[in-house]
Every structure is written in structure tokens, then in C-alpha cells.
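Some notes on the structure that comes next.
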There are 2 protein chains.
Amino acid sequence: MTTTMKDVARRAGVDVSTVSLAMNNDPRIRMETRARILTVATELGYRKNLLARGLRSGKSFTIGAVVGSATPFWAEALAGAQSVLSDHDYHLILDYAPDAGRREETQIEALTAKRVDGLLIAPPDSEALDSDSETLRRYRSLKEQKVPFVFLDRFIPGVDADAVAVDDFAAACQATEYLIAQKHRRIAYLYPPHRMNTAQRDRREGYRQTMESHGVEPLFWATTKPGNDRREEAWEETRNRLNESESSGVTAILAATDSMAVGVLRALHESSVRVPEQMALIGCGGAAFAEYLQPPLSAVALPIRELGAQAARLLLLRIEGDVAPPKRVLLPTQLIIRGSC
Amino acid sequence: MTTTMKDVARRAGVDVSTVSLAMNNDPRIRMETRARILTVATELGYRKNLLARGLRSGKSFTIGAVVGSATPFWAEALAGAQSVLSDHDYHLILDYAPDAGRREETQIEALTAKRVDGLLIAPPDSEALDSDSETLRRYRSLKEQKVPFVFLDRFIPGVDADAVAVDDFAAACQATEYLIAQKHRRIAYLYPPHRMNTAQRDRREGYRQTMESHGVEPLFWATTKPGNDRREEAWEETRNRLNESESSGVTAILAATDSMAVGVLRALHESSVRVPEQMALIGCGGAAFAEYLQPPLSAVALPIRELGAQAARLLLLRIEGDVAPPKRVLLPTQLIIRGSC
DNA sequence: TTGAAAGCGCTACCAT
DNA sequence: ATGGTAGCGCTTTCAA
């Protein structure tokens, strides 16, 4: 058996309620008494039971996080969230949600069963979230059950909830503006058309609007074949495009993600297209390795860590009872010019 | 108020104990009765309370994970663990443990207070873990409290516990053997000497022994200045080494990590040293982007996902009561030759 | 096959 | 300033 408050109480010659108060630093307990209780507790190796506390107080000090996969992106975002949460004595329960292999008792339900105090959710990438979809219904049900949650980096149009996202629209604008200012006209936008989320859509839209506002025609390079990863898709697509006559005259490529830019770089290198002389390139993301590519990759850096941190802060506010209407926070991005353009 | 078993019981005209049994698919309950209970439960929107169950049954179905930081490495390892755990209805509580900012009530203690059923632990990098260190004491205390735990990728020499690690020794051997077979003789090993863990030590040792067994003298390139990250350290160090007369004649570099290889590549490029013609290069890790570097980076691939998965399996066994003496599992690595050597 | 009752370890209310 | 006590929602004997 593990030691309980009862054991401590008996040994210290006080009541369990006194032990409880002492443990929580309640000012009503005399310093002297508390000291004695604390001593006894250490002697007995007492460890408080947060399950019991949670059951009794209706608060678990645990947050559930549901993200798609274990990418560096999410790792960093969750690290940002965790650093904020741990400052407030909350823990993070992780739940990767690969689209395939969905179980009967779904992940969110399992998390709420553990009585998490709130959820951080990155909705799955999907264009086809019809209004009666399973996913949608689940988010709505969360709202009804009054479980606080915040969308991470993307959101579901039909669900009115807090969301923290990188300003993807502005990110694409910044990059496009820069390329145009550099006198580029034929600027291609390389992106993955399948399973697009709001983030990807915003980027594409930022590119499109910026191009059009300058009277330049957008040039969309949507990847055609899904590959093993974004790098591979971008690599293949770029190779194909370089051989098309339609692509002649393209002097700059804006890639929807850092990973894609890496694939582009490889294709360009293999075709002996010099960067930046013959082709300028900008990525999106701000991955640390970008600086170390050949040439160093220019990119729009996204404040990923801050994304998680802000979402956590917003969630904590909700948990503390904030009832303001749902917020949608957009985090500013930063264009970092390196050797690739 | 949330709906409880009591509510369901009343509405279904049965006792709570019956509801409990029905919910857990106990064969003693008649199919018909269970069906009715389940219907009522859905009607009422009943959600089981895992805190209560945990308190009562002494099992939380939650595993704590303590790792150093949010690197892609750990993200992938934890994804591997999570996929195994979720198959067994366990959840993972995440806890990054940056060496700095250690709190009074330390992370492991907080996790055990939540009554996790076990722990996955990546001990901090440190050569100076004297036998009476705080960390060491904590692991010993875990053993005493009979909290099952498994070390991830590294371990503490003084603590006899389960550990799953990549075979770092063999990894370095493979790479070194290959370079020697390619007729390289002056092969430098670039590594970070500070805060070394068992993984890093094993790699260095694998390199050393392989070199010596072939009668070739090891050439250690320990980084001198700590930089912002491994890439930067490696970059700087390589630059300096290339200018030293002592380094003349070096024809191959084995980098302790993929990140370091990236830094090396940059330094070589800037010094116009051609890879692999003038300098061969191999990294350690198997990061996905390695293939996309210029030239594509040869590397020893480490089964990181499997690392997490195996650790999770081992931990589950312990939780189920396995009392065999502590195991130390080593996962095989694979040398992948690409353009850099 | 189902019901009754005890209790997991804690908090919070009401006494004293 | 401290003690007594009633649950939080569930599982788990033991009875019926």
C-alpha cells in the first residue's frame, strides 16, 4: 500500500482534513503544525494522489493535445504549449491522430473520459468536412459539454471556437512581395493540393492576391503525384515542370513548405539550374536546417513555438472561466532572406 | 453536472453495479439488460470517468514520458511509443525536461503523483552524475516505489533498470569499417564532448575500436565552442580544423549526428572542398532530409520509431507484472550509402 | 443474473 | 486553528 493522508494524520496526531489543508499551504494551519505534518509526510514517503484530488475537485490539471503526426512542427508547437502549461502545474496528454486507424472509442472521447480540463486540437487536413461529418459533430459536442478547447494552426470553418494560427496569408504575401520587388514576374507557387487545411489555403490565397494586386498572373504548380513525403512530391513535380514548355521563363519559385523547398532544390540542382542566379527560391516554415542548405534557403519563418504557447495561454483563460466570444489569434511571420533569392 | 453511472442506473431501473459490469462487458450481465443500459447511457450522454476508475482500481492507464527537449528525434521516438500504447488503451503524458529551470516538485514526482502506471525516461546528458546526485536518487526511489520505468536510448550506469537503445557502438563501427574499406586512413571523428550520454560515448568508442583494430590511429575532433546548436558547432569546428596543419591529409569525416554532418557540409562547401572527391562524409541518425542534401548524405540510420515502440512494449510487460531481471535491448542500425562518400 | 454496500484518497463544508 | 464527516464516480466483494 502507498501512504495516504490518513496515515500521515494518524502518525502526526491530527485529522486528515488538517493534513489536506497543510499540504495545500492553507494559511489557517499554524506554521508549527504544518511543519510537523510535512516532516511526518516525508518520513512516511507520502505522495499525494492527484487522481483522488481530481475526482473530488473536478479538475485534473491535465490538457489533451490531438495532433496529426509526430513532425518537428508539432513537436515544437507542443513544446511551446507544454512550457506554458507546466508553469501552471498542468500536464499535457499527447495523442497523435493519424487519419487512418480510427478506433471505435475515438481519441477525443478517450481524453474527455480522463477528464482533461481542456484540449488543444489540430484538426485533420481535409477539404471534405461536410457539415454532418463525424469530426464536425465531435467538436460541436465538445462545445455542448463545455469542454474548453483551442484549435492549433488551423480550424474548422463550421465550428466557432478559439484558434491560434500563424498568419499564413501574410506569410505568403511577404514572400511574394519580395520576389516581385526583385523584378521577378514569372513566379510559381508550388503546393500540395490534396488534403488542404486552412493554413495551406491561406498561403495559396496570399500568393494569389499579391500577384494579382501587382497585375501579375499567378502560376500555380500543384503537385500531381503523392509521394512518400513532401520533399519527394516537390522534387518530382519540379522535375516535370522544368521540362514543360509552359514553365519556361519562370525565374522564381515559392514553395508552400520548407520541406517542399528542399525537394525543389534537389530538382534544380540535378537539372543544373543555378540558385539564385537562374531561379530564386523561398520556402515557408523556418526550419533550422534551412540555413545550412546549399545555397542557404530563404524562407518565411513561422513562430511555431509561440503558436503552441499562445494556444496554451488562451486555453488556460477559458479554463479559468473566461466567457468572451471565441478569439482567432494570428501570429506574425518573418521573411528571412538568405542565399536562395 | 455530468451524467454518472448512478443516473444511468436509475433511468434504466438497475443498480449502479450492474451498470458498471455492463459497461465493462462482463459476461454475467444478460445481453438484453446490457443493451438497455447502453441505450440509456447514450441517451443521457453518459461519459465514463477514468479518474474515478483509476482511483478505485489503482490503475490510470497513463504513462509518463520524460525527455530532454522537443527534437525531431524524440518526437519520433514518442510517436513510436504512443502507437504501441494506444493499442493497449494507454495514454502518454509528455514532460520535457530542459536541464535548466528544474522546479521544486520535480517532474517525475509530479507524474507519479498523477499515478502514472509507468515511465519512459531519457536521462539528461551529463558526465557528472556522481553516485549521490539528485537524479540518481530519484531513479532509485522509483525502483523502491515499484514504479515501472524504462530508459530510452541512454541509461544511467548506476541504475539497474530496463533500457532500450539504438546500438550506437555498432553504428559507429559500421560507418568506420566502410570508410576504411574505401581505403581511407585519416578519418576524423567529429563529436560534441560536453554533456555526453551513453549513446554518444558508445559511438565514439565504436569509432575508436574499429580504427585501432585496423591499426589506424583515431583522430578525434571534439568541438570546442558550444554554439546555438549542433549544426553551428560542427560548422565552426570544421572550419577551424581545415586550417590546422595537423588536419592535413584527412580524407574522411564521421560526424556523431546528422545535424553535425550538415554543419560539416557547409564548412566544406565554403572552403571549396569537394564531397566526396576530396572529403568523404558520413552522419549518424538517418534524418529524412539527409537524402536531399547536396550531395546526398550517407548516414547510419537509427531505428528511432522502433526505439520508442520497443520501450513501450517492455514497459507494458513490466506493468503487467513481469519480474524478469532488467533487460537492455539494443536495436540494429543500418548504413545507408549515398553521394557523400 | 442482479442488488447492496464498502471504500479508493482526497477536498470542502460545518462544527468546535 | 483543528476535527468530523460527507461524498466525488467508480469497482468489487458478498448476498440474494
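Convention: sequence-line order gives letters A, B, ...; per-chain numbering from 1.
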Q: For B:L21 and D:dC10, give me the distance from atom CG to atom P, rounded to whole Å.
A: 13 Å

Q: Side chain of B:K6 only, please: which of D:dC8, D:dT11, D:dG9 is the nearest?
A: D:dC8

Q) How close or far is atom P of D:dA1 from atom CD1 of A:I37, stated in whole angstroms? A) 14 Å

Q | B:S57 or B:D15, whichever maps to the more 5' nucleotide of DNA chain C | A | B:D15

Q: Nearest whole angstrom, please: distance from the C1' of D:dC10 to the CZ of B:F61.
A: 14 Å

Q: In whole angstrom, give the distance that lies between atom NZ of B:K114 and atom P of C:dC10.
A: 15 Å

Q) Any idea how B:Y139 and B:F149 line up, ring-wise: parallel (<30°), tilted (30 to 60°), or perpendicular (>60°)? A) parallel

Q) From the list C:dG3, C:dA5, D:dT2, which nucleotide is the closest neighbour of the side chain of B:V14? A) C:dG3

Q: Take the protein atom CG of B:D7 and the nucleotide atom C1' of D:dC10, then report the distance between them rounded to whole Å.
A: 13 Å

Q.
Distance criterion of 3.5 Å, no angle test: do you see the side chain of A:R56 paired donor-to-acceptor with the base of D:dG7?
A. yes

(Q) OP1 or OP2 of D:dT11 versus the side-chain N and O atoms of B:N24: is any pair under 4.0 Å? (A) yes

Q.
One thing to verify: whether B:K327 and B:D322 come together as a salt bridge, which I'm taking to mean a side-chain N less than 4.0 angstrom from a carboxylate O.
A. yes

**Q.** Distance in angstrom units between A:R28 CZ and D:dA1 C1', rounded
**A.** 9 Å

Q) To the side chain of B:S20, which of C:dT1, D:dT11, C:dC10 is closest? A) D:dT11

Q. Okay, side chain of B:D117, backbone of B:F61: is any donor-acceptor separation there less than 3.5 Å?
A. yes

Q) Looking only at atom types and distance, does a side-chain atom of B:T33 sit under 3.5 Å from a main-chain N or O of B:M31, one as donor and one as acceptor? A) no

Q) Rounding to a whole Å, what distance do you find between B:L50:CG and D:dC8:C1'? A) 15 Å

Q. Taking for each residue the nucleotide of DNA chain C with the nearest heavy atom, is it B:R115 or B:R30 whose nucleotide lies nearer the 5' end?
A. B:R30

Q. Nearest of D:dG9, C:dG3, D:dT11 to any side-chain atom of B:T18?
A. C:dG3

(Q) What's B:R53 touching, base or sugar-phosphate or nothing? Going by heavy atoms closer than 4.0 Å. (A) sugar-phosphate

Q: Round to a whole Å and report the spacing from CE of B:M5 to P of C:dA4.
A: 17 Å

Q) Any donor and acceptor pair, going by atom type alone, linking the side chain of A:T198 with main-chain N or O of A:R154 inside 3.5 Å? A) no

Q: Report yes if a side-chain nitrogen or oxygen of A:S17 is closer than 4.0 Å to either non-bridging phosphate oxygen (OP1 or OP2) of C:dC13; otherwise report no.
A: no

